[in-house]
Amino acid sequence: MAMSGGGVGNGNGNGNGNGNGNGMVSGSFGRVAMSKLRLNPDRDHKPENYDDLQLDFSPLLFKSLEQYLPPPMLGVTRDSKLHYMRDILLRYAPEGERTRVQRHREYRQRIMSNYQPLHRELYTMQAADFFVPSFLKAIAENTVESFRSIVAELTPGVYAFDMLRPQFCELLLAEVDNFERWVHDSNFRIMRPNTMNNYGAVLDDFGMEAMLEKLMDDFIRPMSTVFFPDVGGSSLDSHHGFVVEYGLERDVELGFHVDDSEVTLNVCLGTQFSGGELFFRGVRCDKHVNSETQRDEVLDYKHVPGRAVLHRGRHRHGARATIAGHRVNLLLWCRSSVFRELKKYQKDCSNWCGECKRQKKERQRQSVTATKLELLKRGGKSNT
């Protein structure tokens, strides 16, 4: 599982120094770049501060990823760490993401300069005001038992639990409504959460990025470490946070898909609605994303305001039509650059892909059957 890329040379192209003319270091740092990322973070390491730089990705992402660098990298300069991590992140940015990130710099700056928040208390983590007591208690205890005590496993890998206080849901709905009124009144062209949703807003874009990063780091990652270790649940280091809206004058339904995440948090905010059930149809790797659904993989789930659903991003799902009222959901796509790096070298996904598991079991069954037949043949020959 060696990893390439990372260091940047002096770029003089003349063969002097450590640079080789194409941006790569050929000396000792080049050998470091071939090291593996840590599977587990170095929690004792104090990351650099990247807030003063103009970056393609959030400074929080670089600070988080730095704890997973191979030990020799921790002592190099901030510039060297930055280039090493940026190389990794650029390789895993979804198609079109790089252009989107560049546009987002100016887009977010315009919002921050002009939009006046309605409820500023939403923009920093106020856990006691945001979450129900049972969720806070489980997080504080931070044990397998505490997490399992609050969740219902609806089907393997899909967990539901009470999470958000009604007042928080009301405030967030009001904030989103206020932002969308500002967008309309200022003739501002809003960027929607993804290519599937025509309504909704990216919360990171109007100031909630730090709060949502805290939500992922302190609340979702501990649970994902327990429930989703096979897809990088312990190494979540970036997120995409947004709300989506459904109703007769908005998006009505959402087609069958997988998320661009390792772990997805989906919480219904309200309000009054009928329909809109989530449906799940099994976890799949890229190779088997369109494979047939097995009978035991079928799940339909009815949303309850304040109640969260946590699942792997690769768990195929969709949303049925919202036939009355207005439904709004908070989504947090949590990603692991470490898992995405290691996945390059993972030829067998049978520890998390349902179809890979099924095929592996079938191969094992065929092998056992063939072995039995061979033993029977040998036994028959020896008897004659």
Side-chain angles (χ1 to χ4, degrees), residues 1-8 25 27-53 55-92 124-125 127 131 135-147 209-239 261-263 265 332 334-346:
M1 294 189 288
M3 179 174 60
S4 62
V8 174
V25 170
S28 60
F29 184 65
R31 289 193 293 275
V32 171
M34 295 303 291
S35 303
K36 302 175 186 176
L37 288 175
R38 294 171 179 266
L39 289 176
N40 298 301
D42 181 354
R43 298 296 185 192
D44 295 328
H45 172 70
K46 185 178 180 181
E48 305 275 0
N49 190 322
Y50 299 92
D51 293 338
D52 60 318
L53 302 176
L55 302 171
D56 297 336
F57 303 93
S58 164
L60 295 170
L61 176 55
F62 287 98
K63 289 176 70 174
S64 177
L65 183 57
E66 187 176 324
Q67 293 183 314
Y68 291 88
L69 293 179
M73 282 295 301
L74 298 179
V76 302
T77 65
R78 184 178 73 161
D79 258 3
S80 296
K81 293 175 189 171
L82 179 66
H83 288 305
Y84 184 92
M85 292 186 288
R86 185 174 177 274
D87 177 75
I88 293 173
L89 294 171
L90 286 174
R91 279 183 278 150
Y92 299 107
T124 56
M125 176 55 68
F131 306 124
F135 179 70
L136 287 174
K137 182 175 183 291
I139 294 296
E141 293 177 4
N142 194 20
T143 64
V144 175
E145 293 74 22
S146 69
F147 295 141
E209 183 176 23
M211 185 273 284
L212 293 174
E213 192 80 11
K214 191 80 171 171
L215 170 60
M216 182 188 71
D217 284 347
D218 294 351
F219 298 90
I220 302 307
R221 188 160 58 196
M223 297 184 72
S224 297
T225 299
V226 170
F227 295 130
F228 307 117
D230 50 0
V231 293
S234 64
S235 58
L236 303 176
D237 56 15
S238 68
H239 74 270
S261 68
E262 273 59 71
V263 176
L265 174 74
L332 191 69
C334 304
R335 298 161 176 160
S336 166
S337 53
V338 174
F339 177 75
R340 295 185 180 205
E341 171 71 12
L342 297 177
K343 195 168 67 170
K344 283 196 315 182
Y345 310 98
Q346 189 179 46

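Sequence positions, counted from 1, serve as the residue numbers for this chain. Quantities reported herein were computed from a predicted structural model and do not represent experimental measurements.
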Looking at every heavy atom in both [X] and [Y], which two are closest together, and how far apart are they?
X    : Y    : answer
F339 : G232 : CD1-N, 3.7 Å
S238 : M216 : O-SD, 3.2 Å
K81  : M73  : CE-O, 3.5 Å
L53  : R78  : CD2-NH2, 3.5 Å
Q67  : H45  : NE2-O, 3.5 Å
L69  : M85  : CD2-CG, 3.7 Å

Nearest-0.5 Å distance that lies between atom [atom1] in [X] and atom [atom2] in [Y]:
X    : Y    : atom1 : atom2 : result
R335 : E262 : CZ    : CD    : 8.5 Å
E341 : I88  : CD    : CD1   : 5.0 Å
F147 : E141 : CZ    : CD    : 9.0 Å
Y68  : L37  : OH    : CG    : 10.0 Å
S146 : F135 : OG    : CZ    : 10.5 Å
R86  : D79  : CZ    : CG    : 11.5 Å

Item to complete: Could you list the residues that satisfy salt bridge (charged side-chain N to carboxylate O under 4.0 Å, His left out) with D42, not counting sequence neighbours?
Response: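 Only R38 meet the salt bridge (charged side-chain N to carboxylate O under 4.0 Å, His left out) criterion with D42.
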Discussion item. List the residues meeting salt bridge (charged side-chain N to carboxylate O under 4.0 Å, His left out) with D44, not counting sequence neighbours, and say none if there are none.
Written reply: none
Discussion item. Is there a side-chain contact (heavy atoms from CB on, under 4.5 Å) between L332 and L212? Walk through the geometry before answering.
Written reply: CA-CA 8 Å; L332 191 69; L212 293 174; 4.1 Å; yes
Just by distance, do the side chain of [X] and the backbone of [Y] share a donor-acceptor pair under 3.5 Å?
X    : Y    : result
E66  : E48  : yes
S234 : T225 : no
S235 : S336 : no
N142 : P222 : no

Worksheet item: Who passes ring-ring contact (aromatic ring centres under 6.0 Å, His included) against Y50, sequence neighbours left out?
Response: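 If we apply the ring-ring contact (aromatic ring centres under 6.0 Å, His included) test to Y50, skipping adjacent residues, the hits are F62.
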Item to complete: Determine, for K63 against D217, whether the closest basic-nitrogen to carboxylate-oxygen distance falls under 4.0 angstrom.
Response: no
Worksheet item: If we only count heavy atoms from C-beta on, is the E213 to L61 side-chain gap below 4.5 Å?
Response: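 In short, these two side chains do not touch, never coming nearer than 4.5 Å.
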Worksheet item: Do the side chains of V338 and L65 get nearer than 4.5 Å, heavy atoms only?
Response: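 Heavy-atom side-chain distance check passes, below 4.5 Å.
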